[in-house]
Amino acid sequence: MQILTPHVYWAQRHAEIYLRVDLSDAKVRRGHGAKGENEYEFSLEFFEAVRPEIKHKSTQRQVDIKIKKQEERWWDRLTLQGKKPLFLAPDFDRWLDESDAEMELQAKEEKINKINVESRVRKDPYLGLKKGYLFMYNLVQFLGFSWIFVNMTVRLFILGQDSFYDTFHTTADMMYFCQMMAVLEVINPLLGLVKTGFFPAMIQVAGRNVILFVIFGSLEEMQNKPVVFFVFYLWSTIEIFRYPFYMLACISTEWKLLTWLRYSLWIPLYPLGVVAEAVAVIQSLPIFDETRLFSFPLPALLGHSLSFSYTLQLYLVLMFLGLFINFRHLYKQRKRRYRSRKRKVQ
């Protein structure tokens, strides 16, 4: 019986050679190839020396062979002779050029190093408890702000602009609850529960609480103004995407659409929210001047008291400074996020 040569496909890495022999149902020297059931054999004189141990695996469709190079280096070609044998062809399923192979090797080394580092780091015995607490916190905040958002949206569709004037009376209790809970976002970084910065969290939480408790909560004249609707609606729109993103991160889960929304919607919404807050502060200034609420007492020679409106004017300046700091922090966070995702794709 005539001995035939099978089709052989090859690819390489710095340390290995991969051969794929196109034979189905292969046994010792026999298999079903391009010319049917026959005996098949082939020989190759490699470009450089290889190690004697050879690993092979037969499947119903092919025979896979892996050969270790004696020295880990890139070969210009597979065979010693310059002319490629007719039965040999590139295996494009495995094929990489030298630069791509180096990137693959570097990625493997980084993965191994990461595993080694993680194995050396002492595991936190309370990690599960911490993640459970953060998951529940983000879930509660998500439900709270979702209730506010849905309530305001439904009322807007039913009542139109009339819903602007009673926003505070219909949603303030839930907003009070959510913003008091948000104080934990300042505490969590201090306890090492999250990696976010302390100052950006403090600026955002303190700023919102000034608007909610001082401007809206203490002045009845402000509670019926349309600006309340816009402040609450912008706050809740941002949070219904931020909190579920962090909630899923606690269980190592990611939804690409949610990630995009979390890192993209705040770009227009956050500055709009600060502008709405600034309008609320400006509208409250004459009310504080008139009512003298929270005024600072002064000695008789200097006058009776110093209006709280001067403090709020200073606060306006700090508000826009905080906008710049927080916006820069969030933009860097977004940039790091998408840079790490790009590395994972590569």
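For this chain, numbers begin at 1 and follow the sequence in order.
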Atom [atom1] of residue position [X] - does it have more than 12 heavy atoms of other residues, nucleotides or ligands inside 6.0 Å?
{"X": "Glu220", "atom1": "CD", "answer": "no"}
{"X": "Leu127", "atom1": "CG", "answer": "yes"}
{"X": "Phe198", "atom1": "CZ", "answer": "yes"}
{"X": "Met136", "atom1": "CE", "answer": "no"}
{"X": "Trp95", "atom1": "CH2", "answer": "yes"}

request  = Spell out, yes or no, whether Met247 and Met181 are grouped together once hydrophobic residues are joined by side-chain heavy atoms under 4.5 Å, including indirect joins.
outcome  =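 Yes, one cluster joins them.
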inquiry  = Between Tyr126 and Val194, is there shared hydrophobic-cluster membership here, with clusters defined by ILVMFWY side-chain heavy atoms closer than 4.5 Å?
reply    =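 As far as the 4.5 Å side-chain criterion goes, Val194 and Tyr126 are not connected within one cluster.
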inquiry  = Quick check: do Leu156 and Phe229 have side-chain heavy atoms less than 4.5 Å from each other?
reply    =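 In short, these two side chains touch, coming nearer than 4.5 Å.
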ask   = For the ring pair Tyr243 and Phe142, is the centre-to-centre distance below 6.0 Å?
value =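 They do not qualify: ring centres at least 6.0 Å apart.
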query = Tyr9 and Phe92: aromatic ring centres closer than 6.0 Å?
reply =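 Tyr9 vs Phe92: aromatic centres not under 6.0 Å.
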ask   = Looking only at side chains, do Arg262 and Tyr246 share a donor and an acceptor under 3.5 Å apart?
value =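 Side chains of Arg262 and Tyr246: pair found under 3.5 Å.
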request  = Assess the side chains of Tyr18 and Asp93: does a donor N or O sit below 3.5 Å from an acceptor N or O?
outcome  =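 No.
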query = Are the side chain of Lys84 and the backbone N or O of Leu78 linked by a donor-acceptor pair below 3.5 Å?
reply =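 No, the answer is negative, given that no donor and acceptor are paired below the 3.5 Å cut-off.
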